[in-house]
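Just below is one structure, and these are the notes that go with it.
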Amino acid sequence: MKKILDILTNEVARAFESAGYDEKYAKVTVSNRPDLCQFQCNGAMAAVKEYKKAPLVIAQDVADKLAGSACFKKAEAVKPGFINLDLDDEALKSYIEEMAESPKYGIEAPAEKEKIIVDYGGPNVAKPLHIGHLRAAIIGESVKRIANYAGHDTLGDIHLGDWGLQMGLIIAYMKENDMDLPTLSELEKIYPAASAKSADDEDFKKKAMDITYELQHGNEEYTKIWQHIMKISVEDLKKNYEKLSVFFEIWKGESDAQPFIDPMVEKMKEDGFAHESQGALVVDVNEESDTKEIPPCMILKSDNASLYTTTDLATLVQRMKDYDPKRVIYVVDKRQDLHFVQVFRCAKKTGIVPEDVKLIFLGFGTMNGADGKPFKTRSGGVMRLETLLSDVYDKCYERMKENGGEMSEDERKDTASKIALAAIKYGDLSNQASKDYIFDIDKFTSFEGNTGPYILYTIVRIKSILRKYEENGGKTDGCKFIPPVSDSERGLLLLLTGYNAMMQGAFEETAPHRVCAYIYELANAFNHFYHETKILAEEDEKRKESYISLLLLTKGILEDSIGVLGFEAPEKM
Ligand code: ARG
């Protein structure tokens, strides 16, 4: 479906033309004075220069031409030269009607369907998931779902950190202490112990580095241990990500890039891109327009060991070969910004990735505690993800008990976990990804305000009205829209018309927070309508049916929206 603003702009363009002005001035926007009008066009002001006429005269000429338009109930020229517009109620109704019948409520399939890879896991094997991985998972899952909803082919890749020094540390520690293959809980203790030991034992650290090198070059004994560690870690990771409703299509890791490293390095040398610098192999990636220095991209250290950049580049080789994506989106801590600038430039320069493929870095900020510092446990340690989840769950469960709604214990538990997920995810996603934010458990779990539970509460409210309607013998299918009569109803309809543009924007800007901002406004508009309107007690059957259609559409849009944010609504709460 065409976007409402495009339809209106078209209509106004015709009026500009027939009044003798260029249609390029006809851009219509949502009004920034909703008390005066629904939409506006400021083009008359811009046209002054070309036509040497007062803006109000131009605006009036155009408004006159719009007088008979079926689109507008009002087209008014006001000082100094705005054109204030109100949509005709019948036209508004028709647009909404078409939306309700369209797949995905009027979102058009993209002109070109893209294959898109989202890289948003990055947990490091053998270390427990902690809240640092929470943001990547939450934002990345949503970015992926938005792209998919917008009509693209998407693949989420966890890109495990499974190949670095931590593996060498663990194996070195196991060997030193003559340990058998560890269980998961043993493994979780080994890494911190090994990492602490390496901090003040040079020999041990050296040994771990040697083991890492040998593992990366096929040592059989180490490979066996590594495979075991991978198996138990991946099982555990799957379980944990599932709790977050985060699902990866690809479970590859840094290790999978290994076979691509040597040929990639050879080619970079042959093509003359890689050169030696202080014993290391580098590719220059600075550009003339740089305002700050971008150091060369290091490909191999002086001891020939590969680095984080090497793995990311080789992973791109592998991704291009296996999937041929048109877009790769990395959802990673924003402190890795420089790393990705180097990797992206190097990949384009050396031809690993063709020019027309978009490489996007969505760097996210830090999740802070109430003190404004990175979130920690009470004792000051890094908080495990599981602990955070269960704290939020407990809080939601408590709030539900206070609310005193009737439900079975099982249902209450299930509902509490749905609310908890909404609280955490919405609390994160409603902020622009690049910003730091404060994790405030009381605020995030509140049923009021700009929170996930408030959105769920609104959906639950709609579900309950629809249930009552059906219990009283009403049928939800076959209900038809009729034009709105009240301001609150009209306001809700108008917001709904902006859905497709919002979702497309969220995709193009890789910006889940736009979905949050929209559904918060939509939930407010719905609740306003709900408080102003007797829905089920409406005596005019046609009007009541139109309300039911409106409820169904609002519910559908809210549900699809929280779907792309990565959570779902319960039946009651
Ligand atoms: N494992 C990395 C870390 O913990 C994050 C990986 C992000 N993705 C990537 N392709 N580099 O910092």
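On a predicted model such as this, the values are computed, not experimentally measured, just so you know. In listed order, ligands and their atoms are each counted from 1. Side chains included, hydrogens not; waters and symmetry mates left out as well; all remaining heavy atoms used.
For a heavy-atom separation below 4.0 Å, the residues in contact with ligand 1 are D119, G122, N124, H159, Y308, D312, Y330, V332, Q336, F340.
Classified by interplanar angle (parallel below 30°, tilted 30° to 60°, perpendicular above 60°), the ring pair W251/Y241 is perpendicular.
Enclosure of atom CG in D442 by more than 12 non-hydrogen atoms of other residues, nucleotides or ligands within 6.0 angstrom is indicated.
Separation of the F361 and F344 ring centroids does not fall under the 6.0 Å cut-off.
When only modelled atom types and interatomic distance are considered, Q336 and Y330 share no side-chain donor-acceptor pair under 3.5 Å.
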Quiz: residues 447-456 side-chain donor-acceptor pairs under 3.5 angstrom, not counting sequence neighbours:
unit_1	atom_1	unit_2	atom_2	d
N450	OD1	Y426	OH	2.5
T451	OG1	S446	O	2.7
T451	OG1	Y454	N	3.1
Y454	OH	N524	OD1	2.6
Y454	OH	N527	ND2	2.9

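Cation-pi geometry between K197 and F204 is met: the NZ or CZ atom falls under 6.0 Å from the ring centre, inside 45° of the normal.
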